[in-house]
Novice: 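The structure's right below; bear with me while I get my questions together.
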Number of protein chains: 4
Amino acid sequence: MINQVTLVGRLTRDPELRKTSDGLPVTTVTLAVSRQFRNQHGEIEADFVQCTIWKKPAENTVQYCRKGSVVGVTGRLQTRHYDNKEGKRVYVTEVVAESIRFLGAKPNYAQAEPPPTVTVTVTKEELPF
Amino acid sequence: MINQVTLVGRLTRDPELRKTSDGLPVTTVTLAVSRQFRNQHGEIEADFVQCTIWKKPAENTVQYCRKGSVVGVTGRLQTRHYDNKEGKRVYVTEVVAESIRFLGAKPNYAQAEPPPTVTVTVTKEELPF
Amino acid sequence: MINQVTLVGRLTRDPELRKTSDGLPVTTVTLAVSRQFRNQHGEIEADFVQCTIWKKPAENTVQYCRKGSVVGVTGRLQTRHYDNKEGKRVYVTEVVAESIRFLGAKPNYAQAEPPPTVTVTVTKEELPF
Amino acid sequence: MINQVTLVGRLTRDPELRKTSDGLPVTTVTLAVSRQFRNQHGEIEADFVQCTIWKKPAENTVQYCRKGSVVGVTGRLQTRHYDNKEGKRVYVTEVVAESIRFLGAKPNYAQAEPPPTVTVTVTKEELPF
DNA sequence: TTTT
DNA sequence: TTTT
């Protein structure tokens, strides 16, 4: 079975580094990917795709990217579900990144506020390795 | 911006042909795509990806595929949202197929029950052309 | 059968518009795609991929791109062969572009020398439609 | 820079296992990928794409595939050149496989003639890792 | 709501 | 909850 995704788009917000309880770095970004066609009002819309990035690429993303940065992501589609507080099942489809490329002009982020790191609990089910 | 998806998987159920009020054929299938790794219980899981297929490829899918058929889909990721009856916003990520290939042994479906066609209302927003 | 290629790289030279005898615009570009790993001398090399672009996208490429422009190409691999003047068979593998995206900073090429158009003979075999 | 290829096609011959002098398993296969359109004589042609497969996937390919087997390959395009005995430079474009999937009915190859293993010299330049 |  |  084959499951291959390639996206180039812009980050919708500053990425934030999280850590699993085992110390694995992870970040979750949303890519805004402009469509190649216009809607009935003549506007170009975008698709907003959730991407999960693990380990070293996660750290690089947080270090080198900000809201609006153009990135290329290759990876695979992953689906999962959970039950929300109303007891309703919620279905999630996201991209697990295999690699991420930083495209476009690289602004100088050296003096930027270092983004905080949060320790989170990630279920083993979510791990892509 | 680039948005490219390639999947090979199995249909989770018999596809069903629908028609928009303008007469456009459309079908929505779910592809079960086996993962290439095992979970903590040693099992191989699958991702279940929603795919929307339009026009002639929709008709071909309904004619030539059944539950369990292996198909290859190329297309793009599309996101949308709607508010459910509880007034909660629901986010949907799906693949809009550009092309579909029928892989694997083709069973003889000639004598199969012809699947019904339903006329549905599809918002213009959902149309990928 | 599935045949899907996605590339992001830089043009190795200014693109040049050609026309088939039927008046179809076509341009052939080479994309330099940097590898993600270093060779035994610690250098990053690139792959140089031939891409054929037809019709409106060909015209856009010649108008908006120059040597060094970053572009994203989706398409399919195509192989062909011919016999050179020494009578030896030469095998060619290239990408036929389905779409091309102009990424990165768009310089102002308005006042640039308009590139020449050449009429060429293209065998029907080479046409991807 | 992004370099992503997905192919589904048939092996044009039985795969043969080779070994580099360091003991790395490698096999080179050609995939026949049928086109989705007909030429001017109404025939469907195919593209013949060279693929290089390394390590465990190489061994699996030789063990489980034969001429005609349907396989899915994901990987990246690689270009290289060498000078032939006439002193002419020859350019090669091939796919370096990242993963390979065995699709379609799996015949029982248990009693098949075990294919021979040959030790070959592969330049470090060709190694994709 | 999931396929072999 | 959305980017330029």
Side-chain angles (χ1 to χ4, degrees), chain A residues 1-3 7-16 28-36 43-51 61 65-73 77-84 88-95 102-105 107, chain B residues 1-3 7-16 28-36 43-51 61 65-73 77-84 88-95 102-105 107, chain C residues 70 72 101-106, chain D residues 70 72 101-106:
Chain A
M1 305 295 104
I2 291 175
N3 186 338
L7 300 172
V8 175
R10 291 180 184 277
L11 298 192
T12 61
R13 58 188 184 293
D14 287 358
E16 199 178 304
T28 303
V29 302
T30 301
L31 244 66
V33 185
S34 301
R35 296 185 182 165
Q36 298 310 123
E43 306 149 344
I44 285 190
E45 291 181 72
D47 295 292
F48 296 92
V49 184
Q50 285 271 114
C51 301
T61 300
C65 299
R66 290 294 174 275
K67 178 178 172 171
S69 295
V70 177
V71 303
V73 166
L77 276 176
Q78 182 159 93
T79 58
R80 56 189 175 85
H81 57 255
Y82 61 90
D83 297 317
N84 65 12
K88 262 211 129 185
R89 184 143 292 192
V90 178
Y91 293 89
V92 180
T93 300
E94 61 206 354
V95 170
F102 310 130
L103 306 169
Chain B
M1 306 294 106
I2 291 175
N3 186 338
L7 299 172
V8 175
R10 289 178 185 279
L11 298 192
T12 60
R13 58 187 184 292
D14 286 358
E16 199 178 305
T28 302
V29 302
T30 300
L31 245 67
V33 185
S34 300
R35 295 185 183 166
Q36 298 311 122
E43 305 150 346
I44 285 191
E45 290 180 73
D47 295 291
F48 297 93
V49 184
Q50 285 272 116
C51 301
T61 300
C65 299
R66 291 294 175 273
K67 178 178 174 172
S69 296
V70 177
V71 303
V73 166
L77 276 176
Q78 182 159 95
T79 57
R80 57 189 174 86
H81 57 257
Y82 62 90
D83 297 317
N84 65 12
K88 264 212 126 185
R89 184 142 292 191
V90 177
Y91 292 89
V92 180
T93 299
E94 60 206 355
V95 170
F102 309 130
L103 305 169
Chain C
V70 176
R101 308 274 171 265
F102 310 132
L103 306 170
K106 238 174 278 170
Chain D
V70 176
R101 307 275 172 265
F102 309 131
L103 306 168
K106 236 172 279 171

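All values reported here derive from a predicted model rather than from experimental measurement. Convention: sequence-line order gives letters A, B, ...; per-chain numbering from 1.
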Novice: With sequence neighbours left out, what residues match Asn84(B) under side-chain contact (heavy atoms from CB on, under 4.5 Å)?
Specialist: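 Applying side-chain contact (heavy atoms from CB on, under 4.5 Å) to Asn84(B) gives Lys88(A), Tyr82(B), Glu86(B), Lys88(B), Val90(B).
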Novice: Quick one: are Cys65(A) and Phe102(A) in side-chain contact, heavy atoms under 4.5 Å?
Specialist: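 They are in contact (side-chain heavy atoms under 4.5 Å apart), so the answer is yes.
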Novice: Measure the shortest side-chain to side-chain distance between Leu103(D) and Val8(B) over non-hydrogen atoms and say whether it is less than 4.5 angstrom.
Specialist: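 Of all side-chain heavy-atom pairs linking Val8(B) with Leu103(D), at least one is under 4.5 Å.
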Novice: Could you list where the contact with chain B starts and ends along DNA chain F, reading 5' to 3', using a 4.0 Å heavy-atom cut-off?
Specialist: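 Counting from the 5' end, contacts occupy dT1(F) to dT2(F).
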Novice: With sequence neighbours excluded, tell me which residues meet side chain to side chain donor-acceptor pair (under 3.5 Å) with Thr30(A).
Specialist: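 Thr30(A) satisfies side chain to side chain donor-acceptor pair (under 3.5 Å) with Arg13(A), Gln50(A) only.
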Novice: Looking at every strand, decide which applies to Arg89(B) at a 4.0 Å heavy-atom threshold: base, sugar-phosphate, or nothing.
Specialist: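 Touches sugar-phosphate only.
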Novice: Thr93(B): which residues meet the side-chain contact (heavy atoms from CB on, under 4.5 Å) condition with it, sequence neighbours left out?
Specialist: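 In terms of side-chain contact (heavy atoms from CB on, under 4.5 Å), with neighbours along the sequence ignored, Thr93(B) is linked to Thr93(A), Leu77(B), Thr79(B).
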